Amino acid sequence: MPTMTAMELRTPRTQDEVQAIIRAVYKQVLGNPHIMESERLVTAESQLADGKISVREFVRAVGKSEFYRSRYFEKCAPYRFVELNFKHFLGRPPQSQAEISQHLVRCVAEGYDAEIDSLIDSEEYQSAFGENIVPYNRGAKTEVGKSQVTYNRTFALDRGPAQIDSAVTASQLVYAVATNSSNKIQPADVNLGGSGEANKKRFKIVVQGSKFDSPRRVSRTEYIVPGDRMTPQIQRINRTSGKIVSITEIV
């Protein structure tokens, strides 16, 4: 069962309480990994312990760390990166195709740091966690007014305490979100590498303008690419100075 316990760093606090918060942040934001001593953010940990930064700023430091970037931004499919950002920082799955597309476009147009900041600086984050609560899995809570879709998608992303998020690089929600349908709740798959089916799906990337377009008109170009080729295609678009307007799945 996914954890949904809120942990808050209060004042005054003991060193044991600070260390418990640090462990909880690493587990939530980094997706339940094994962390070696050399991978810990020693400076940020010290600043948190000294009261120089809040839990929210420690979460930001972890999200912008090389540990997070290398495992989720550089090695995962783009959709997987975005859906895990929602899980790790907002404690819920993405709600719609428009929400995923918005974050993909932001990451491409403004960069990796801007994507992380957009989640941590959002009103939703502040309302749910404030400055000193560790993000946790809110999607697993049964609440009045919450749809079953959110509950099911939460379980598609979080398969329990034995799961390590970085072991699954393919999207788990791409079809359900694109078709506005629900994920079936199924037993955890022992093949943590995933089937790769999500990366075989096709996506339409709409681009406005590029350095190769005629200066006399504003053009829109559509690219149809398979999921496992999205990242190199996005990189090529960036090199032509094109602006990505939207990314949607072809169902």
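Reckoned from all heavy atoms, side chains included, excluding hydrogens, waters and symmetry mates. The structure displayed is predicted, hence computed values, not measured ones.
A 4.5 Å side-chain heavy-atom check between Glu17 and Met7 finds every atom pair outside the cut-off. Considering only heavy atoms from C-beta on, Cys107 comes within 4.5 Å of Phe73 through its side chain. The closest side-chain heavy-atom distance from Val55 to Leu48 is below 4.5 Å. The shortest distance between side-chain heavy atoms of Arg10 and Asn132 does not fall below 4.5 Å. A heavy-atom distance below 4.5 Å is found between the side chains of Ile116 and Phe89. At least one side-chain heavy atom of Phe58 sits less than 4.5 Å from a side-chain heavy atom of Glu45. At least one side-chain heavy atom of Val59 sits under 4.5 Å from a side-chain heavy atom of Pro135. Between Val62 and His88 the shortest side-chain heavy-atom distance does not fall below 4.5 Å.
Glu57 has a carboxylate O that lies under 4.0 Å from a charged side-chain N of Arg60, or vice versa, which qualifies the two as a salt bridge.
A side-chain donor-acceptor contact under 3.5 Å links Ser118 to the backbone of Glu115. Judged by distance alone, with hydrogens and angles left aside, the side-chain atoms of Ser70 form a donor-acceptor pair with the main-chain N or O of Glu66 at under 3.5 Å. Of the possible polar contacts, one joining the Gln28 side chain to the Lys87 backbone as a donor-acceptor pair under 3.5 Å is found. Checking side-chain atoms of Arg56 against main-chain N and O of Ile120 turns up a donor-acceptor pair under 3.5 Å. With hydrogens and angles disregarded, no donor-acceptor distance shorter than 3.5 Å links the side chain of Arg40 to the backbone of Ile35.
Residues Cys76 and Phe81 come closest through the heavy atom pair CB-N, 4.3 Å. When all heavy atoms are compared, the tightest approach of Glu83 to Arg80 is OE2-NH1, 3.1 Å. The two residues Phe129 and Leu90 make their nearest non-hydrogen contact at CZ-O, 3.8 Å. The shortest heavy-atom contact between Tyr112 and Gly63 is OH-O, 2.6 Å. Pairing each heavy atom of Arg106 with each of Ala114, the nearest pair is CD-O, 3.8 Å. Tyr68 approaches Asn85 most closely through the heavy-atom pair OH-OD1, 2.7 Å.
By the side chain to side chain donor-acceptor pair (under 3.5 Å) test, Arg13 is found to be paired with Thr11, residues two or more places apart in sequence or in another chain being considered.
Atom CD1 of Ile21 and atom CD1 of Ile133 lie 9.5 Å apart (nearest 0.5 Å). Distance check: Leu41 CG to Lys64 NZ gives 13.0 Å after rounding to the nearest 0.5 Å.
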Next item on the list: Could you give me the CA-CA distance, side-chain angles and deciding distance for Leu119 and His103, then say whether side chain to side chain contact (heavy atoms under 4.5 Å, CB included) is met?
Entry: CA-CA 9 Å; Leu119 295 160; His103 284 268; 3.6 Å; yes

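For the 3.5 Å distance criterion, the side chains of Glu39 and Tyr26 fail to qualify, holding no donor opposite an acceptor.
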